[in-house]
Trainee: 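Input: one structure, supplied below.
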Amino acid sequence: MSAISHCHVLFVTSHDSIGVGEDGPTHQSIEQLEALRAMPNLLVMRPCDGKETVGCYKVAVKRNTGPSLLALSRQGGLANLPGTSEDGVTKGGYTVAESEGDGEPDVIIMSTGSEVQIAVEGAKKLREEHNVNPRVVSMVCTDLFDQQPQEYKDKILPPSVTSRVAVEAATPRGWAHYVGLNG
């Protein structure tokens, strides 16, 4: 109702990850993310750490055209990651770990929430053990990312880089738009 009524409401959910499933999956927001993202006028944000959570809260408070939802994690041990930022959240998706060198990355790893840490660790292993040059993108809010100018979206997800992976403990639906046919 708040979405179609354009009410300024902030919903906060927890249990965003399969990492804390001792209570069972039926009430966990991770199971509902795609349905929530499909709801018109509901801004769904899934921050990966404290810095992104602050940024999401700022976005939600400033937004007066409809409700916002923060899908938070209750997992322990999720430290603030180098490369994350409050400001990056305003664009919906941004680079948290850049590929090395001046050229384009070999692969783009997109992730949200508590899985961003896993994506960053995976990128480090790809770089060190397989000589692959990855970029990690935190896709905090796909709706905000889609609203950005095409120039910005192409900077973060260059069309020429077709090797892409999405890391999220949820349905793959919705990610095909960003991953593409070769992902």
Side-chain angles (χ1 to χ4, degrees), residues 16-21 29-30 33-34 37 43-56 59 70-183:
D16 86 326
S17 176
I18 60 171
V20 288
S29 57
I30 193 70
L33 273 179
E34 189 53 35
R37 287 178 180 145
L43 201 61
V44 177
M45 297 177 279
R46 191 167 178 243
C48 73
D49 65 9
K51 292 182 282 185
E52 283 193 356
T53 301
V54 170
C56 288
V59 167
L70 271 66
L72 303 175
S73 178
R74 73 170 209 176
Q75 280 183 265
L78 294 177
N80 283 334
L81 296 171
T84 60
S85 78
E86 292 177 29
D87 294 334
V89 169
T90 63
K91 304 249 188 224
Y94 67 102
T95 302
V96 295
E98 186 56 87
S99 56
E100 294 180 351
D102 294 330
E104 289 186 335
D106 297 323
V107 62
I108 298 172
I109 306 170
M110 295 166 275
S111 192
T112 66
S114 54
E115 287 85 41
V116 173
Q117 186 169 3
I118 295 167
V120 169
E121 291 169 9
K124 183 179 177 185
K125 284 189 177 194
L126 284 172
R127 194 176 296 113
E128 293 173 355
E129 298 174 15
H130 301 284
N131 201 28
V132 173
N133 195 16
R135 169 185 289 173
V136 178
V137 172
S138 177
M139 192 66 78
V140 183
C141 179
T142 55
D143 285 337
L144 288 176
F145 185 75
D146 290 344
Q147 294 171 13
Q148 300 309 309
Q150 191 62 46
E151 183 179 337
Y152 176 79
K153 292 188 283 189
D154 289 347
K155 177 183 168 197
I156 301 302
L157 303 176
S160 58
V161 181
T162 59
S163 295
R164 300 177 180 191
V165 177
V167 180
E168 184 174 63
T171 179
R173 239 180 221 107
W175 283 104
H177 176 70
Y178 307 102
V179 172
L181 295 175
N182 296 325

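Nothing here was measured: the structure is a model prediction, and the numbers come from that model. Heavy-atom basis, side chains included; hydrogens, waters and symmetry copies ignored.
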Trainee: By side-chain contact (heavy atoms from CB on, under 4.5 Å), which residues pair with Gln150, not counting sequence neighbours?
Mentor: Lys153, Asp154
Trainee: Minimum heavy-atom separation for Gly93 to Ile156, with atom names?
Mentor: O-CG1, 4.3 Å
Trainee: Quick one: does any side-chain atom of Asn133 pair with a main-chain N or O of Asp106 as donor and acceptor, under 3.5 Å?
Mentor: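 A pair under 3.5 Å: no.
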Trainee: Ignoring hydrogens, what is the shortest heavy-atom contact between Leu157 and Met110? Give both atom names and the distance.
Mentor: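 So the minimum-distance heavy-atom pair works out to CD2-SD, 3.9 Å.
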Trainee: Does some side-chain heavy atom of Tyr94 sit less than 4.5 Å from a side-chain heavy atom of Glu52?
Mentor: yes
Trainee: Of all residues at least two apart in sequence or in a different chain, which pass the side-chain contact (heavy atoms from CB on, under 4.5 Å) check with Glu121?
Mentor: Gln117
Trainee: Give the table of side-chain donor-acceptor pairs shorter than 3.5 Å for residues 139-149, with sequence neighbours excluded, one pair per line with atom names and distance.
Mentor:
| unit_1 | atom_1 | unit_2 | atom_2 | d |
| --- | --- | --- | --- | --- |
| Asp146 | OD1 | Tyr178 | OH | 2.8 |
| Asp146 | OD2 | Tyr178 | OH | 3.0 |
| Gln148 | NE2 | Leu144 | O | 2.9 |

Trainee: So, Arg46 side chain and Leu33 main chain: donor-acceptor pair closer than 3.5 Å or not?
Mentor: no
Trainee: What pairs meet the salt bridge (charged side-chain N to carboxylate O under 4.0 Å, His left out) rule with one or both residues in residues 132-142, with sequence neighbours excluded?
Mentor: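 For residues 132-142: Glu98-Arg135.
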Trainee: Using the side-chain contact (heavy atoms from CB on, under 4.5 Å) criterion, which residues pair with Ala119? Sequence neighbours excluded.
Mentor: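 Per chain and number, Ala119 pairs via side-chain contact (heavy atoms from CB on, under 4.5 Å) with Ile109, Ser111, Val136.
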Trainee: Name all residues meeting the side-chain contact (heavy atoms from CB on, under 4.5 Å) criterion together with Val161; count only those two or more places apart in sequence or in a different chain, and write none if there are none.
Mentor: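 Glu104, Pro105, Ile108, Pro158.
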Trainee: Kindly give the heavy-atom pair with the smallest separation between Gly55 and Val89, and that separation in Å.
Mentor: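 Gly55 and Val89 have their closest heavy atoms at C-CG1, 3.8 Å.
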Trainee: Let me confirm one number: the CE-OG1 distance from Met45 to Thr53, rounded to the nearest 0.5 Å.
Mentor: 10.0 Å
Trainee: Looking at every heavy atom in both Val132 and Pro134, which two are closest together, and how far apart are they?
Mentor: O-CD, 2.9 Å
Trainee: Got a sec, which residues hit side chain to side chain donor-acceptor pair (under 3.5 Å) with Asp49, two or more places apart in sequence or on another chain?
Mentor: Thr84
Trainee: Provide the full list of salt bridge (charged side-chain N to carboxylate O under 4.0 Å, His left out) pairs with a residue in residues 86-97, sequence neighbours left out, each pair given once.
Mentor: Lys58-Glu86
Trainee: Indicate the atoms forming the closest heavy-atom contact of Pro47 with Ala71, along with that distance.
Mentor: CD-O, 3.7 Å
Trainee: So how far is it from Arg37 CZ to Glu34 CD, rounded to the nearest 0.5 Å?
Mentor: 6.5 Å
Trainee: Would you compute the distance between atom SG of Cys48 and atom CG of Asn80 and round it to the nearest 0.5 angstrom?
Mentor: 8.0 Å
